Asker: 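Next up is a structure, given as structure tokens.
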Protein chains: 2
Amino acid sequence: MSSSPDVAPAQRSTRQRRAVSAQLAASDDFRSAQDIHEALRREGEAVGLATVYRALQALADAGEVDVLNHAGEAVYRRCSETHHHHLVCRQCGATVEIEGPAVERWTTATAQQHGYAEVSHTLELFGLCPACQRAG
Amino acid sequence: MSSSPDVAPAQRSTRQRRAVSAQLAASDDFRSAQDIHEALRREGEAVGLATVYRALQALADAGEVDVLNHAGEAVYRRCSETHHHHLVCRQCGATVEIEGPAVERWTTATAQQHGYAEVSHTLELFGLCPACQRAG
DNA sequence: GCTGGAGGTGACAGTCATTATCAACATGCT
DNA sequence: AGCATGTTGATAATGACTGTCACCTCCAGC
């Protein structure tokens with residue numbers, strides 16, 4: 001019966017959340033929660049592990065970061081806001097954002113052909129980046 | 001220094017492995033290891049959980065089943081041998097195998113454009129199958 | 001058919017990422 | 001400043017999966 005119609009959960013700005021965001025901003029590659037937690041600790045910006053997980057989840061929910069599943073663990077990365085996919089180096093993790101309008105069209109059309117609705121998709125490319133090829 | 005040049009690890013045919021294979025043959029959908037373990041137990045064909053995991057891994061290594069990661073757990077399915085992708089109902093798990101030569105070409109070309117080599121990819125579609133749309 | 005031994009099995013403990021708990025704490029509104 | 005409420009973090013719990021190791025089974029050779 002409250003008269004306040006606000007739906008936003010009122011996210012507070014805390015030192016911890018800012019620190020996690022800063023970590024993501026500082027790197028272009030996908031990072032795991034454990035990774036970020038350790039990095040923060042090293043830099044003296046100690047943040048509890050549970051809090052790192054919560055912050056990452058909040059960012060993912062807000063659409064500010066992309067989540068991928070790599071070898072059984074979730075990895076996060078700050079990304080552009082448009083829909084896109086990733087080309088990730090399986091050795092060093094270097095990531096390139098790629099767009100594929102053709103693929104988007106194909107997935108939608110294919111799903112419709114089979115009568116499926118509300119279609120989403122996951123598409124990720126893995127390979128060896130130029131640097132790692134040279135390094136052998 | 002052995003003079004025997006055999007590389008095959010000599011997979012034995014055991015009741016347990018046959019039971020796991022039979023489970024996969026009995027269903028067209030992706031099943032988790034725990035799922036299969038429970039089903040076998042129900043049917044009186046009790047098999048240790050560790051053994052189910054080992055059998056599934058062996059089948060996956062042999063290329064006889066496809067593996068997907070769904071909600072943090074590996075799911076397995078008996079599949080055709082050619083390279084293909086899946087269109088999975090996110091409600092009931094009904095699966096359709098799909099092929100997309102165009103997508104294969106696109107991924108290879110895109111990766112090469114960025115100088116990446118030895119490219120692999122993951123592509124899965126999720127949606128609501130016709131039956132679940134009606135039930136919805 | 002019997003036997004030896006290599007491969008297979010399974011109960012259980014260990015690992016690892018992630019989530020729940022909950023008391024102490026910080027933030028932002030008034 | 002004061003207070004209600006969202007946040008934090010140490011720790012325990014969960015859940016999927018893997019390692020261990022003593023016992024068992026398949027099958028080749030007799």
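Chain identifiers are assigned alphabetically (A, B, ...) following the order of the sequence lines, protein sequences preceding nucleic acid strands; residue numbering begins at 1 within each chain. In this text the structure is predicted, and so the values were computed from the model without any measurement.
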Asker: If we check side chain to side chain donor-acceptor pair (under 3.5 Å) with A:Glu97, which of these qualifies: A:His85, A:His86, A:Arg77?
Answerer: A:Arg77
Asker: Quick one: B:Leu56 CG to C:dT9 C1', roughly how many Å, whole number?
Answerer: 15 Å
Asker: Measure across A:Val67 and A:Ala60 and return the closest heavy-atom pair with its distance rounded to 0.1 Å.
Answerer: CG2-CB, 3.7 Å
Asker: Looking at CG of A:Asp66 and CG of A:Leu68, how far apart are the two atoms once the value is rounded to the nearest 0.5 Å?
Answerer: 8.0 Å
Asker: Nearest whole Å is fine: how far is D:dA16 P from B:His37 NE2?
Answerer: 12 Å
Asker: Look at the side-chain N and O atoms of A:Arg17 and state whether any lies under 4.0 Å from the OP1 or OP2 oxygen of D:dT7.
Answerer: yes
Asker: Ring-plane angle category for A:His70 and A:Phe126, please: parallel below 30°, perpendicular beyond 60°, tilted otherwise.
Answerer: tilted
Asker: Supply the atom-to-atom distance A:Thr122 OG1 to B:Asn69 CG, rounded to the nearest 0.5 angstrom.
Answerer: 10.0 Å
Asker: How would you summarise protein contacts on nucleotides 14-19 of chain C per nucleotide, using B for base, S for sugar-phosphate only and - for none, with heavy-atom distances below 4.0 Å?
Answerer: ---SBB
Asker: Do side-chain atoms of A:His84 reach the backbone of A:Thr82 as a donor and acceptor pair under 3.5 angstrom?
Answerer: yes
Asker: Mind calculating the distance between CG (B:Asp61) and P (D:dT18) to the nearest angstrom?
Answerer: 11 Å
Asker: For a quick check under 3.5 Å, do A:Arg54 and A:Thr51 share a side-chain donor-acceptor pair by atom type?
Answerer: yes
Asker: Here's a test of your reading of the structure: between B:Gln16 and A:Arg41, which maps to the more 5' nucleotide of DNA chain D?
Answerer: A:Arg41
Asker: Whole angstroms only, please: what is the CZ-P distance between B:Arg54 and D:dC24?
Answerer: 16 Å
Asker: If we count only N and O atoms by modelled type, under 3.5 Å, do the side chains of A:Gln34 and A:Tyr53 hold a donor and an acceptor together?
Answerer: yes
Asker: Can you give me the N/O atom pairs linking the protein to nucleotides 25-30 of chain C at distances under 3.5 Å, or say none if there are none?
Answerer:
from	atom 1	to	atom 2	distance (Å)
C:dA26	N3	A:Arg12	NH1	3.4
C:dT27	O2	A:Arg12	NH1	3.4
C:dT27	O2	A:Arg12	NH2	3.2

